[in-house]
Amino acid sequence: MKIYNTQTASKETFTPLVPGRVGMYVCGVTVYDVCHIGHARSAVVFDVIRRYMQSRGFEVKFVKNFTDIDDKIISRARKENISWDEVARKYTEKYYEDMHKLGVRDADVEPRATGHIKEIIEIVKGLVDKGRAYVVDGDVYFSVENFSGYGKLSGRKLDDMMAGARVEVDERKKNPMDFALWKSSKPGEPAWDSPWGPGRPGWHIECSAMSLKHLGETFDIHAGGADLIFPHHENELAQSESYTGKQFVRYWIHNGFITVDKEKMSKSLGNFFTIEEVLGKFDPETVRLFLLQTHYRSPIEFSNEPIEEAERSLERFYQTIERVDEFLAKPEQAGAEKESGLKESVSSFRVKFGEAMDDDFNTALAIGHVFELVKEINRFLDSKPPRNAANAELAEDAKKAIAESALVLNAFNRTPEEWTRAMLKTKKIEATEPEIEQLIEEREKARDSKDWARADAIRAQLEKSGILLEDKKDGEKKTVWRVKV
RNA sequence: GGCGGCGUACCCAAGUGGUAAGGGAGAGGUCUGCAAAACCUCGAUGCAGCGGUUCAAAUCCGCUCGCCGCCUCCA
């Protein structure tokens, strides 16, 4: 398995610290507002990576934190006129709601910054004792000049950064790049007691404390959005390695952004679409597929069209599964074996899917392979194979191969009926299933008496309300319906 | 200013040295009462442009053009 490591800027073969086990820390969200589709991407991508690791037999300890104390939370609380911890609770809940809909599994450990104040103070104290940090008026700053490795994650030099620093220089800092480990609180702000007076943790220190506690001094994977590389992850690395004297993280993984008109989607630009908005128009599986159809490090330009394409892809997929199910439901038939490439396609699919995922989690390629297999299955069924034991086994195996990959992608894993019902809901179809069935029956009668005008009128009527009809030649059902996507 | 990334057919998109996956749209065909779906066929002699390295380059190197990201909170 190869992983692109941000720190070395190259793909590396993945070897866990402890054979068979993987420690993985993902930077979650600051719970001060609802999540947008960019947050969804990050969550979905790392969810898939976790699932893939597990499918490869690794025992994964997956930690994802919530930042529940921060300037933005405090200002949000003022704006909403509620307490800061109510803000955190409210948006943590909303986060779970969105992520559960998207099929993102909860982490094994979901620590919160405020639950680790003791550990944070411990580390800050240690850094001060080691001379890696200094105290100024109740604030504690990390001294970047004392850590020779500063910049090694993001690939920048201290001198180059200082040249371009646009930040207002705090005269009390020894170096403009020094950052707060502990911030003294103003009256009325949330505060915890510390050796430096009442205050709260700086942004970066929580992740150092929580990863140390739950994954140890050195762990395998640390992941997050590419915008966290600097300064967040760079600073985490500096703190942690200064404190433990050991390597902090072995593989850094960062996902690319979602863009709107080529620009990064972000709260500050206001060009974002919330998860709730997107899920109001599209099925969660559709959204998941859309997010995974691009490699996780590449940008995704957000627009409806590619999501609609993902929807059509799933429609095609579930129609194929339906065909397989119909084939399997047929009574046993005798018949000579026909030449079929399907058997080979299924086994090569299993290999290629694994290869794609092994190569830096190339879900886009892996999904491409799924659709190659879908085509092969359709081709097989089009060849009208006899429903004998051998062919049934082959069809079952094809379904099984897809189900195996579905475990990793957490897509392609519903039944055609579930998909259709989901589409009725997503497309807000007014007609009920019995109504549709009744019109189909009426149309059947018209067709039997060769009243084509009547038959076509009914078909047109249903299409207007979003239902497409397909007349089948064989099988029990003469006409099937589906939702127009 | 520093550092980094991207530019592949009408659209989305994979592909880091061996002769361009996959999907959508389009054209023709098989099937159909007609459709739809599915399948078949067609579709970039070329991967922003120019030069170079190599038996071989979308893939490596150099330059140019265009777009974006990080350096400030940010998935």
Side-chain angles (χ1 to χ4, degrees), chain A residues 6 9-11 26-30 32-33 35-46 70-72 151 154-157 159-168 177 203 223-232 234 254-259 262-269 272 289-290 293-295 297-301 303 305-310 312-313 315-316 319-320 322-323 352 356 359 362-383 447 450-453 455-456 459-460 463 468-473 479-482 484:
Chain A
T6 305
S10 59
K11 280 186 200 170
V26 176
C27 277
V29 293
T30 301
Y32 76 104
D33 201 354
C35 291
H36 58 61
I37 193 73
H39 298 104
R41 182 186 193 183
S42 189
V44 166
V45 158
F46 298 125
D70 159 276
D71 291 350
K72 287 196 294 287
S154 54
R156 42 192 99 202
K157 298 186 190 92
D159 296 342
D160 294 339
M161 284 188 287
M162 283 190 282
R166 283 181 277 152
V167 260
E168 191 187 333
M177 297 310 293
W203 175 34
D227 45 6
L228 297 180
I229 296 169
F230 193 92
H232 185 54
E234 190 71 61
H254 293 96
N255 68 275
F257 303 126
I258 291 187
T259 59
K262 301 266 185 179
E263 272 187 322
K264 180 188 169 188
M265 183 182 287
S266 75
K267 283 280 165 61
S268 43
L269 284 170
F272 59 89
L289 191 68
F290 159 70
Q293 260 176 329
T294 300
H295 184 89
R297 282 190 284 119
S298 302
I300 299 180
E301 170 70 13
S303 71
E305 203 198 319
I307 311 181
E308 283 162 3
E309 279 184 19
R312 277 195 290 274
S313 297
E315 176 63 38
R316 175 161 169 253
Q319 276 191 65
T320 301
E322 194 168 24
R323 289 187 72 190
K352 287 192 284 185
D359 185 11
N362 194 336
T363 54
L365 183 57
I367 290 166
H369 294 321
V370 171
F371 286 106
E372 280 176 69
L373 182 57
V374 165
K375 185 177 219 163
E376 287 303 324
I377 294 171
N378 278 315
R379 195 209 290 259
F380 169 75
L381 294 172
D382 277 1
S383 76
R447 290 183 75 210
K450 299 211 185 318
D451 184 355
W452 306 127
D456 290 351
R459 185 166 64 194
E463 179 164 358
L468 292 180
L469 297 189
E470 285 176 22
D471 298 330
K472 300 273 180 176
K473 266 204 89 179
T479 298
V480 296
W481 63 272
R482 61 195 173 82
K484 189 174 168 184

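Atoms considered below: every heavy atom in the structure, side chains included; atoms not considered: hydrogens, waters and symmetry mates. Residue numbers start from 1 in every chain, and the chains themselves are labelled A, B, ... in the order their sequence lines are given, proteins ahead of strands.
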Taking the same atom, P, in rC67(B) and in rG24(B), what whole-Å distance lies between them?
-> 33 Å

Pairwise C1' distance for rG15(B) and rA37(B), with rounding to whole Å = 31 Å

For rA14(B), the Watson-Crick or wobble counterpart (both distances under 3.5 Å) = none

Pair assignment for rC73(B), Watson-Crick or G-U wobble, requiring both distances under 3.5 Å = none

Which residues share a salt bridge (charged side-chain N to carboxylate O under 4.0 Å, His left out) with K375(A), sequence neighbours left out | none

Report the C-alpha distance between S42(A) and V45(A) in whole Å, list the side-chain angles of each, state the deciding distance to 0.1 Å, and finish with yes or no for side chain to side chain contact (heavy atoms under 4.5 Å, CB included).
-> CA-CA 5 Å; S42(A) 189; V45(A) 158; over 6 Å; no

Whole-angstrom distance between rA21(B) and rU16(B), as gauged at atom P | 13 Å

Side chain of D227(A): nearest nucleotide among rG2(B), rC70(B), rC34(B)?
-> rC70(B)

Which base sits across from rC67(B) as a Watson-Crick or G-U pair, both distances under 3.5 Å?
-> rG5(B)

Tell which nucleotide pairs with rU19(B), taking only Watson-Crick or G-U wobble pairs whose two distances are both under 3.5 angstrom.
-> none

Would you classify G28(A) as touching base, sugar-phosphate or nothing, given that sugar-phosphate means primed atoms plus P, OP1 and OP2, and contacts are heavy atoms under 4.0 Å?
-> sugar-phosphate

Out of rC67(B), rA75(B), rG33(B), minimum distance to the side chain of A455(A) belongs to rG33(B)

Tell me which nucleotide among rC71(B), rA75(B), rA37(B) gets nearest to the side chain of P231(A).
-> rC71(B)

Can you check the I37(A) CD1 to rA75(B) C1' distance for me, whole Å?
-> 11 Å

Whole-Å distance separating the CE atom of M265(A) from the P atom of rC70(B) | 14 Å

Between N378(A) and R323(A), do the side chains contain an N or O donor and an N or O acceptor separated by less than 3.5 Å?
-> yes

For nucleotides 38-41 of chain B, give me every protein contact, N/O to N/O, under 3.5 Å, one pair per line with atom names.
{"unit_1": "rA38(B)", "atom_1": "O3'", "unit_2": "N378(A)", "atom_2": "ND2", "d": "3.3"}
{"unit_1": "rA38(B)", "atom_1": "O2'", "unit_2": "R323(A)", "atom_2": "NH1", "d": "3.1"}
{"unit_1": "rA38(B)", "atom_1": "O2'", "unit_2": "D382(A)", "atom_2": "OD1", "d": "3.3"}
{"unit_1": "rA38(B)", "atom_1": "O2'", "unit_2": "D382(A)", "atom_2": "OD2", "d": "2.8"}
{"unit_1": "rC39(B)", "atom_1": "OP1", "unit_2": "R316(A)", "atom_2": "NH2", "d": "3.2"}
{"unit_1": "rC39(B)", "atom_1": "O4'", "unit_2": "D382(A)", "atom_2": "OD2", "d": "2.7"}
{"unit_1": "rC40(B)", "atom_1": "OP1", "unit_2": "R379(A)", "atom_2": "NH1", "d": "3.3"}
{"unit_1": "rC40(B)", "atom_1": "OP1", "unit_2": "R379(A)", "atom_2": "NH2", "d": "3.0"}

Partner nucleotide, any strand, of rG62(B) [Watson-Crick/G-U, under 3.5 Å] | rC50(B)

Assign each of T259(A) and S266(A) to its nearest nucleotide of RNA chain B by heavy atoms, then name whichever residue's nucleotide is nearer the 5' end.
-> T259(A)

State whether D33(A) and K72(A) are salt-bridged, where the test is any N-O pair (Lys NZ or Arg NE/NH1/NH2 against Asp/Glu carboxylate O) under 4.0 Å.
-> no

Roughly, in whole Å, what's the span from CZ in R459(A) to P in rG33(B)?
-> 12 Å

Atom C1', compared across rG23(B) and rA38(B): separation rounded to whole Å = 16 Å

Paired nucleotide for rC42(B) [Watson-Crick or G-U wobble; both distances under 3.5 Å] | rG26(B)

What integer distance in Å separates E463(A):CD from rA37(B):P?
-> 10 Å

Run the numbers on M265(A) and H36(A) for side chain to side chain contact (heavy atoms under 4.5 Å, CB included), then give the verdict.
-> CA-CA 9 Å; M265(A) 183 182 287; H36(A) 58 61; 3.7 Å; yes

May I ask you to verify if any side-chain N or O of K264(A) is less than 4.0 angstrom from the OP1 or OP2 atom of rC70(B)?
-> yes

What about D456(A), does its side chain sit under 3.5 Å from the base of rG33(B) through a donor-acceptor pair?
-> yes

For the side chain of D71(A) and the base of rC73(B), is some donor closer than 3.5 Å to an acceptor across the two?
-> no

By nearest-heavy-atom nucleotide on RNA chain B, the more 5' of S154(A) and T294(A) is S154(A)

Kindly say whether, by distance alone, the side chain of E309(A) makes a donor-acceptor pair under 3.5 Å with the base of rG23(B)?
-> yes

Mind checking L381(A) for me? I need base, sugar-phosphate or nothing, with any heavy atom below 4.0 Å counting as a touch.
-> nothing

May I ask you to say what I367(A) touches in the nucleic acid, namely base, sugar-phosphate or nothing, with a heavy-atom cut-off under 4.0 Å?
-> nothing

So what does L365(A) hit on the nucleic acid, given a heavy-atom distance under 4.0 Å: a base, only sugar-phosphate, or nothing?
-> base

Rounded distance (Å) that lies between atom C1' of rG24(B) and atom CD of E372(A) = 16 Å

Of the listed rC73(B), rA13(B), rA35(B), the closest approach to the A364(A) side chain comes from rA13(B)

For R156(A) and rC70(B), give me the distance from atom CZ to atom P, rounded to whole Å.
-> 10 Å

For F257(A) and rA75(B), are the ring centres under 5.5 Å apart with planes inclined under 30°?
-> no

Between rC50(B) and rC70(B) - P atom distance, rounded Å = 32 Å

Nearest of rA75(B), rC12(B), rC71(B) to any side-chain atom of P306(A)?
-> rC12(B)

Ignoring the backbone of S313(A), work out which of rG23(B), rA75(B), rC34(B) is nearest its side chain.
-> rG23(B)

Distance between the P atoms of rC47(B) and rG52(B), in whole angstroms?
-> 15 Å

Report the C-alpha separation of F46(A) and N255(A) in whole Å, then their side-chain angles, then the decisive distance to 0.1 Å, and conclude whether the side chain to side chain contact (heavy atoms under 4.5 Å, CB included) test is met.
-> CA-CA 9 Å; F46(A) 298 125; N255(A) 68 275; 3.5 Å; yes

If you check the R312(A) side chain, which of rC73(B), rG2(B), rG24(B) turns out closest?
-> rG24(B)

If you measure from the P atom in rU53(B) to the same atom in rC73(B), how many Å do you get, rounded?
-> 48 Å

Could you verify whether a donor N or O on one side chain and an acceptor N or O on the other, from D70(A) and T30(A), lie under 3.5 Å apart?
-> no

To the nearest Å, give me how far apart CD1 (I300(A)) and P (rC68(B)) are.
-> 18 Å

Does the side chain of R156(A) come within less than 4.5 Å of F230(A)'s, by heavy atoms?
-> yes

Is there a Watson-Crick or G-U wobble partner for rG33(B) with both distances under 3.5 Å, and which nucleotide is it?
-> none

Check every strand shown and say whether H36(A) touches a base, only sugar-phosphate, or nothing at a heavy-atom separation below 4.0 Å.
-> base

Euclidean distance for P, rG5(B) against rC61(B) (whole angstrom) | 10 Å

Does the cation-pi check pass for R316(A) over F371(A), that is, NZ or CZ under 6.0 Å from the six-membered ring centre and within 45° of its axis?
-> no

When the distance from CG of N362(A) to C1' of rA21(B) is rounded to whole Å, what number comes out?
-> 10 Å

Indicate, with a heavy-atom threshold strictly under 4.0 Å, whether G224(A) touches base, sugar-phosphate, or nothing.
-> sugar-phosphate

Would you mind telling me which of R459(A), R482(A), E315(A) makes a side-chain contact (heavy atoms from CB on, under 4.5 Å) with L468(A)?
-> R482(A)

